[in-house]
Amino acid sequence: MNYLDRYHKSGRRKTKDEILESELTKHKVKCKCGHTLIIISKPRVICSHCGNWVYKNKQEEFKANMRRVLNG
């Protein structure tokens with residue numbers, strides 16, 4: 001976390017809850033069904049609502065698709 005992330009634009013120091021919320025929003029990913037998941041350490045997880053794979057970012061999705069194609 002950057003030192004400046006702890007302060008608002010007005011100069012007021014953020015509370016612990018505000019810091020936690022801002023860090024969690026960096027890891028939120030939406031599934032195709034609309035459900036929001038938090039992915040931190042794994043490149044993909046299964047959506048608990050629809051059962052589809054949800055990837056951390058487009059790069060991880062591309063890697064998984066290439067592995068699937070190349071392995072047959």
Side-chain angles (χ1 to χ4, degrees):
M1 176 192 321
N2 189 354
Y3 173 74
L4 296 176
D5 290 341
R6 296 181 185 193
Y7 292 94
H8 285 283
K9 291 180 181 178
S10 63
R12 182 180 66 85
R13 188 170 171 85
K14 289 184 179 179
T15 63
K16 288 181 182 179
D17 291 335
E18 291 171 333
I19 293 171
L20 179 63
E21 183 63 31
S22 66
E23 288 297 312
L24 283 177
T25 56
K26 294 177 185 177
H27 300 285
K28 287 183 181 179
V29 179
K30 278 205 179 229
C31 179
K32 293 176 184 176
C33 70
H35 183 237
T36 304
L37 300 163
I38 296 175
I39 303 175
I40 296 176
S41 60
K42 298 180 180 179
R44 66 183 184 167
V45 295
I46 295 178
C47 178
S48 59
H49 284 263
C50 64
N52 290 328
W53 282 106
V54 180
Y55 294 90
K56 184 185 270 188
N57 53 35
K58 292 288 183 185
Q59 184 179 7
E60 294 295 333
E61 185 174 3
F62 177 76
K63 286 180 187 178
N65 289 336
M66 289 304 291
R67 273 189 234 113
R68 191 176 319 120
V69 169
L70 292 176
N71 289 334

Those residues that, when tested against Asn65, pass side-chain hydrogen bond (donor to acceptor under 3.5 Å, both in side chains) (two or more places apart):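 With neighbours one apart ignored, the set is Arg68.
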Cys50 versus His35: any side-chain heavy-atom pair under 4.5 Å? no
So, do Ile39 and His27 sit near enough that their side-chain heavy atoms are less than 4.5 Å apart?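 When only atoms from C-beta onward are counted, His27 and Ile39 do not touch, as no gap falls below 4.5 Å.
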What is the minimum heavy-atom distance between [X] and [Y], and which atoms define it?
X     : Y     : result
Lys14 : Tyr7  : CE-O, 3.9 Å
Lys56 : Lys42 : CE-O, 3.5 Å
Cys47 : Val54 : CB-CG2, 4.0 Å

Do Ile38 and Leu20 sit in one hydrophobic cluster, given that two such residues count as connected whenever their side-chain heavy atoms are within less than 4.5 Å of each other, even indirectly? yes
Transitively linked via ILVMFWY side-chain contacts under 4.5 Å: Val29 with Val45? yes
Do the charged groups of Lys28 and Glu21 touch, with an N to O distance under 4.0 Å? yes
Partner of Phe62 by side-chain contact (heavy atoms from CB on, under 4.5 Å), out of Gln59, Lys58, Met66: Met66
